[in-house]
There are 2 protein chains.
Amino acid sequence: MDLSPVAEDYLKAIYHLEDEYGRSVRTTEISEELDVTSPTVTSMLDSLDERGLVDYTPYQGVELTDRGEEIVLQLVRNHRLLETFLMEYLDYSWSTVHDEADRLEHHVSDEFTRRLARFLGEPATDPHGDPIPDADLRMPDESPYTPLTEYEPGDNVTVEQVPHRDPDVREYLSQHRIGPGTRLVVDEVSPIDLVTVVPSSTDTSVALPTHVARRIGARAVTK
Amino acid sequence: MDLSPVAEDYLKAIYHLEDEYGRSVRTTEISEELDVTSPTVTSMLDSLDERGLVDYTPYQGVELTDRGEEIVLQLVRNHRLLETFLMEYLDYSWSTVHDEADRLEHHVSDEFTRRLARFLGEPATDPHGDPIPDADLRMPDESPYTPLTEYEPGDNVTVEQVPHRDPDVREYLSQHRIGPGTRLVVDEVSPIDLVTVVPSSTDTSVALPTHVARRIGARAVTK
DNA sequence: AGATGGATTTAGACCAGGCTAATTATTCTC
DNA sequence: GAGAATAATTAGCCTGGTCTAAATCCATCT
């Protein structure tokens, strides 16, 4: 299967949207995710369906087939290993590493990834705390971290996993010094979709909407 | 300047052909180098000329402008640093490293290359013995190695630089165990465009056409 | 110097991936 | 259950990079 980077990006988008909403994905969602118009999406879905990479029912939605998911998992593996390399050896910061990996993931060979994984010591998670699929593209079990939304006010935790695909979220967290390794105290978990936390490095309260806090994985600090 | 990998490949081809023949480059030469038809080359030359990257005179030939050359030098820098990384850290062999680097060179950012160069210790040559342009894209001085064609029968030398862009040449040399670091004795330098050598590892005589031998750089072994 | 052959360009077509405008499905609301 | 609103698709066009077939340039050779 010889797939263009563009087609691969559509598969990735479908994968992430399926994951986010737990259901089949609609045309508009993809068009927003990739910043293209919906007719463009429709025609790409036709073509991906023909190639057996998605199941697409016009007007109803689209899902990845097993073959489509396999391609995405290889990309995820490429991406997370590249991020690990970029941060550990080239001193990229966690908030800048994504774009570089997002380009390169489409262009490295399987051979490269195999060798890079060995060089890095076959890591199971990347520096954002996200799991790395193994060479057979099996995704490791669910992450052992607890979402920030599950903690109580006063809890003292270490951030282990941060959402970083959305540039706005990434920028916000980075600006407020919240990243992998950050120690913080949960201040308030409000019913109006808000969590406030105090990073121990700054002592300034930071507000987080629930959809962000839910994706921040943390470990309780054992005093 | 936002250039497609395809356009970059045309610039590279022109660069290498100018270098090889020391004159402006003809359409057919490019079409053979890149394995596309000549009308395709003509239309790309029009487009590169419009963008100020080449000087193209229909029916006469084409040369790189300074801006075109700058782009190529950045690609050469990317390529040679990538090759260095792939061989030194990921254990690629000198004969397999080219293709991976040839794809990636188009997709790494300048930031990546800067950081990779630092990680590698700002090397001045790659593992094939080819010079790496510095951060300001200045190519280091001519290589200190002497072409195999300049030696006399009986001379004992170490190979330091091997041509590796042409897959057939690469395959031939690799098959006959001639690569960077190979010790060999020059057997015969024939006037009919042939040099024969005996690698010390095999004791079998290997014939090399002059156009290949001329591109193999070697250093005399001081006994 | 003119004819001929090889190199080159022009003409016209195709595909991938994008767009806008118009049409058609679906869903929501009363 | 019928219209209105929204979502999705179809129609038609564009650009970059490719092709084949046809026309044209140019160098050479008698």
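Naming convention: chains lettered A, B, ... in sequence-line order (proteins, then strands); numbering from 1 in each chain. Heavy atoms only: backbone and side chains are in, while hydrogens, waters and symmetry mates are out.
Note: CD (Glu29(A)) to C1' (dT6(D)) measures 14 Å, nearest angstrom.
Within residues 3-27 of chain A, the residues approaching DNA chain C are Ser4(A), Val6(A), Tyr10(A), by heavy-atom distance under 4.0 Å.
Aromatic ring centres of Tyr89(B) and Phe119(B): separated by under 6.0 Å.
At dC19(D), one or more side-chain N or O atoms of Thr37(B) fall inside 4.0 Å of OP1 or OP2 (strictly under the cut-off). Note on Thr42(B): a side-chain N or O is less than 4.0 Å away from OP1 or OP2 of dT9(C).
For His176(B), there are no side chain to side chain donor-acceptor pair (under 3.5 Å) partners two or more places apart in sequence or in a different chain. With sequence neighbours left out, Arg214(A) forms a salt bridge (charged side-chain N to carboxylate O under 4.0 Å, His left out) with no residue at all.
The list of side-chain hydrogen bond (donor to acceptor under 3.5 Å, both in side chains) pairs with a residue in residues 51-63 of chain B, not counting sequence neighbours, reads Ser47(B)-Arg51(B). Residues in residues 64-74 of chain B take part in these side-chain hydrogen bond (donor to acceptor under 3.5 Å, both in side chains) pairs, two or more places apart or across chains: Gln74(B)-Asn78(B).
Using a 30° and 60° split on the angle between ring planes, Trp94(B) and His128(B) fall in the perpendicular class, above 60°. Between His107(B) and His107(A), the ring-plane angle classifies as parallel under the 30° and 60° cut-offs.
Candidate nucleotides dG18(C), dC19(D), dT20(C) were compared by shortest atom distance to the side chain of Pro39(B), and dC19(D) ranks first.
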I'd like a table of atom pairs between the protein and nucleotides 24-26 of chain D - only N or O on both sides, under 3.5 Å - with the distance next to each one.
none

